[in-house]
Novice: 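Take this structure first; my questions come after.
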Amino acid sequence: MKYPYTQQFRQNLVEWFHREQRNLPWRHTKDPYKIWVSEVMLQQTRVDTVIPYYQRFIDKYPTLESLAGADEEELLKMWEGLGYYSRARNLQAGVREVVEKYGGTVPNNRHDLQKLKGVGPYTAGAILSIAYNLPEHAVDGNVMRVLSRVLHITEDISLPRTRKIFEKAVDELIHPDYPGDFNQALMDLGAMICTPVSPKCLLCPVREYCLGFMEGDADQLPIKTKKTKSKNEYYDVYIAVNDGKILFERRPSEGLLANMWQFPMMPKKQPSENTWEPFELKYNVTITKVLEENFVEQKHVFSHLTWNMSCHLIEISENGPFPDSVQFVTLKEMEALPLPVPMAKIMNILNRYIFHSPE
DNA sequence: AATGCGGGGCA
DNA sequence: TGCCCAGCATT
């Protein structure tokens, strides 16, 4: 059966949005570049988290060209703490492509946009509808939740193919006069009213057009089956000092936390495994003094794995050349390097209890 | 289709 | 603790 409330739904939704929309920094511009930046930052990331990052990022890289010319390590530093760091590199690659191939003008069609690095179906639709006011779908988890309830769609949203059902639904529902506002209204509704748990149906502006509310099972939707499995990993982390400098290494250019910096880490199969000698061999150093053995056990949870880190403060001497990507840095130099959060946590502990201790 | 990829907020 | 969040690239 065809959804019978298309006209009322889109009109009430957009009117509600015009009254109640959130005041967000990227809503004061129609610059496709800035919309693009905001949408990439918002991938799998909460609005409140993104806001300060977006402000600083646009201050530093106000134009497409300025980002295209940015130093990659500096760029990663701007992204530090935001997560999914390949987004930053892909964004810059995409921006460079726009400068070279499109003369600095962000494409205004889905075909060209989706060929840009880091731009998928959602981000392309968001840019097209918000910056260019084109009637294009922008389906993310938020939209799937809202529309699964409004249209009572019971397909499993953890299956990739299900997204197409929602794209088709948006194609029919989208407000032809206010496509950008319509898409953003779905987001705001999902964030403020149609929340994952305890949706506030009694405050909802489109309650009377919501099939899920009529059925009384809106809060049971969407259907999502896939579970996340996580595994434990164990490491010894060595804060190795020599003459006021600290041994540091850059992670590989691909994979987890690519190109970010860290204290040397030795993986362990078992928490009890001893890695002191393998550490000396791998880094070409000799441990001359153990200052604090296991001064903290630091745990860090990623979405797909957990790091369990035993941290040791030691003094070392250098025997031969370091492996590539390993070097001594001063505390000052370290501040300019992009650190993943687990390393920043350890750094904070060091600053509070070791380096700045009154003794 | 399945998996890898961060980090924080929340019940 | 487990789930969720303005997803995308890779295989």
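The analysis underlying the following values was restricted to heavy atoms, covering all of them including side chains, and did not include hydrogens, waters or symmetry mates. Letters go in sequence order (proteins before strands), and every chain restarts at 1.
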Novice: State whether R163(A) and E167(A) are salt-bridged, where the test is any N-O pair (Lys NZ or Arg NE/NH1/NH2 against Asp/Glu carboxylate O) under 4.0 Å.
Specialist: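 Judged by the 4.0 Å cut-off on N to carboxylate O distance, R163(A) and E167(A) do form a salt bridge.
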Novice: Can you tell me how far C1' in dC5(C) sits from the matching atom in dA1(B), rounded to whole Å?
Specialist: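 That atom pair is separated by 22 Å.
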Novice: Would you say a side-chain N or O of Q43(A) is under 4.0 Å from OP1 or OP2 of dG7(C)?
Specialist: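 False: Q43(A) side-chain N/O out of range (4.0 Å or more) of dG7(C) OP1/OP2.
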Novice: In this structure, how many angstroms lie between the C1' atom of dC4(C) and the CG atom of D219(A), rounded?
Specialist: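 To the nearest whole Å, that distance equals 16 Å.
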Novice: Rounded to the nearest Å, what distance is computed from the CG atom of residue L42(A) to the P atom of nucleotide dG8(B)?
Specialist: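 The answer, rounded to whole Å, is 16 Å.
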Novice: Just checking T123(A): base, sugar-phosphate only, or nothing, at a heavy-atom cut-off of under 4.0 Å?
Specialist: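 Result for T123(A) = sugar-phosphate.
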Novice: Name the nucleic acid region contacted by R251(A), choosing base, sugar-phosphate or nothing; use a 4.0 angstrom heavy-atom cut-off, strictly under.
Specialist: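 The residue R251(A) makes no contact with any strand.
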Novice: What is the distance, rounded to the nearest whole Å, between atom CG of L116(A) and atom P of dG7(C)?
Specialist: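 The answer, rounded to whole Å, is 19 Å.
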Novice: Nearest 0.5 Å, please: how far is CD in E15(A) from CG in N12(A)?
Specialist: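 N12(A) atom CG to E15(A) atom CD measures 6.0 Å (nearest 0.5 Å).
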Novice: Quick one: do E97(A) and K117(A) make a salt bridge, cutoff under 4.0 Å?
Specialist: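 Judged by the 4.0 Å cut-off on N to carboxylate O distance, E97(A) and K117(A) do not form a salt bridge.
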Novice: Within the structure, does a side-chain N or O atom of H304(A) lie under 4.0 Å from either OP1 or OP2 of dG4(B)?
Specialist: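 No.
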Novice: Hey, is K77(A) close enough to E80(A) for a salt bridge, meaning N to O under 4.0 Å?
Specialist: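 Salt bridge present between K77(A) and E80(A).
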Novice: Grab the N/O contacts between the protein and nucleotides 9-11 of chain B below 3.5 Å, and write none if there aren't any.
Specialist:
none

Novice: Would you mind telling me which residue lines up with the more 5' stretch of DNA chain B, Q44(A) or T162(A), judged by nearest nucleotide?
Specialist: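 The residue whose closest nucleotide sits nearer the 5' end is T162(A).
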Novice: With rounding to the closest Å, how many angstrom separate the P atoms on dA6(C) and dC10(B)?
Specialist: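 About 13 Å, rounded to a whole number of Å.
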Novice: Got a second to check how far Q7(A)'s CD is from L173(A)'s CG, nearest 0.5 Å?
Specialist: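 Going from the CD atom of Q7(A) to the CG atom of L173(A) covers 10.0 Å.
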Novice: Measure CG/D140(A) against P/dC8(C) and give the value in whole Å, please.
Specialist: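 Nearest whole value for this atom pair: 9 Å.
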Novice: Nearest whole Å is fine: how far is dC5(B) P from E254(A) CD?
Specialist: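 Computing the E254(A):CD to dC5(B):P distance gives 11 Å.
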Novice: Return the residues of residues 66-93 of chain A meeting this criterion: a heavy atom under 4.0 Å from some atom of DNA chain B. Order them by number, or give none.
Specialist: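 G81(A), L82(A), G83(A), Y84(A), Y85(A), in order of number.
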Novice: Just the rounded figure in Å: distance from P of dA9(C) to CG of L256(A).
Specialist: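 It works out to 19 Å between those atoms.
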Novice: Starting from P on dC3(C), measure out to CE on M144(A) and report it in whole angstrom.
Specialist: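 Rounding to the nearest Å, CE of M144(A) and P of dC3(C) are 17 Å apart.
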Novice: Before you tell me yes or no, could you show the steps for Y178(A) and H18(A) under ring-ring contact (aromatic ring centres under 6.0 Å, His included), namely the whole-Å CA-CA distance, both residues' side-chain angles and the distance that decides it to 0.1 Å?
Specialist: CA-CA 11 Å; Y178(A) 307 99; H18(A) 288 158; 5.3 Å; yes
Novice: Is R87(A) reaching over with its side chain to a backbone N or O of Q43(A), donor-acceptor style, under 3.5 angstrom?
Specialist: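 It does hold such a pair.
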Novice: How is K299(A) classified with respect to the nucleic acid when contacts are heavy atoms under 4.0 Å: base, sugar-phosphate, or nothing?
Specialist: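 Result for K299(A) = sugar-phosphate.
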Novice: From C-beta outward on P196(A), which listed nucleotide comes closest to its side chain: dG8(B), dC4(C), dA6(C)?
Specialist: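 In terms of side-chain proximity for P196(A), the closest of dG8(B), dC4(C), dA6(C) is dC4(C).
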Novice: How close or far is atom P of dC5(C) from atom CD1 of I51(A), stated in whole angstroms?
Specialist: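 After rounding, the reported distance stands at 18 Å.
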Novice: In terms of side-chain heavy atoms of L257(A), which of dA1(B), dC8(C), dG7(B) is nearest?
Specialist: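 Nearest nucleotide to the side chain: dG7(B).
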Novice: Determine the contact category for P222(A): base if any of its heavy atoms lies under 4.0 Å from a base atom, sugar-phosphate if only primed atoms, P, OP1 or OP2 are that close, otherwise nothing.
Specialist: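 No contact at all - P222(A) keeps every heavy atom at 4.0 Å or more from the nucleic acid.
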Novice: The side chain of F302(A) is closest to which nucleotide in this list: dC8(C), dG6(B), dA6(C)?
Specialist: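 Side chain of F302(A) sits closest to dG6(B).
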Novice: Would you say the base of dG6(B) and the side-chain of T45(A) have a donor-acceptor pair closer than 3.5 Å?
Specialist: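 Such a pair exists between side chain and base.
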Novice: Report yes if a side-chain nitrogen or oxygen of K117(A) is closer than 4.0 Å to either non-bridging phosphate oxygen (OP1 or OP2) of dG7(C); otherwise report no.
Specialist: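 Answer is no, no contact under 4.0 Å.
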Novice: Determine yes or no for a side-chain-to-main-chain donor-acceptor pair under 3.5 angstrom, with R250(A) supplying the side chain and W261(A) the backbone.
Specialist: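 Judged by distance alone, no pair lies under 3.5 Å.
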Novice: Could you say whether I130(A) or Q114(A) is positioned toward the 5' end of DNA chain C, judged by the nucleotide with the nearest heavy atom to each?
Specialist: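 Per heavy-atom nearest nucleotide, the more 5' residue is I130(A).
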Novice: Could you tell me whether V119(A) contacts a base, only the sugar-phosphate backbone, or nothing, with contacts defined as non-hydrogen atoms closer than 4.0 Å?
Specialist: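 Touches sugar-phosphate only.
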Novice: Roughly how many Å apart are dG6(B) and dT11(C), using the P atom of each and rounding to a whole number?
Specialist: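 Result for the P pair: 16 Å, nearest Å.
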Novice: Quick one: the side chain of R163(A) and the base of dA1(B), do they pair up donor-acceptor inside 3.5 Å?
Specialist: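 Result: no qualifying N/O pair found.
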Novice: Over all strands shown, is L24(A) touching base, sugar-phosphate only, or nothing at heavy-atom distances under 4.0 angstrom?
Specialist: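 Result for L24(A) = base.
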Novice: Considering just the side-chain nitrogens and oxygens of H300(A), establish if one lies under 4.0 Å of OP1 or OP2 belonging to dG7(B).
Specialist: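 Checking H300(A) against dG7(B): at least one side-chain N or O falls below 4.0 Å of OP1 or OP2.
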Novice: Charged N to carboxylate O under 4.0 angstrom, R27(A) versus D188(A)?
Specialist: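 A salt bridge is present here (some side-chain N lies under 4.0 Å from a carboxylate O).
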Novice: If you measure from CE on M78(A) to CD1 on I58(A), what distance do you get to the nearest 0.5 Å?
Specialist: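 Rounded to the nearest 0.5 Å, the CE-CD1 separation comes out at 9.5 Å.
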Novice: Is it true that K268(A) and D236(A) have a side-chain N and a carboxylate O under 4.0 angstrom from each other?
Specialist: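 A salt bridge links K268(A) with D236(A).
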Novice: Which ILVMFWY residues are connected to L159(A), directly or by a chain of links, through side-chain heavy atoms under 4.5 Å apart?
Specialist: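 ILVMFWY cluster around L159(A) holds nothing else.
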Novice: Ignoring the backbone of V341(A), work out which of dG8(B), dC5(C), dG6(B) is nearest its side chain.
Specialist: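 Shortest atom-to-atom distance from the side chain points to dG8(B).
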Novice: Considering only atom P, compute the distance from dT1(C) to dC5(B) and round it to an integer number of Å.
Specialist: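 It comes out at 23 Å once rounded to the nearest Å.
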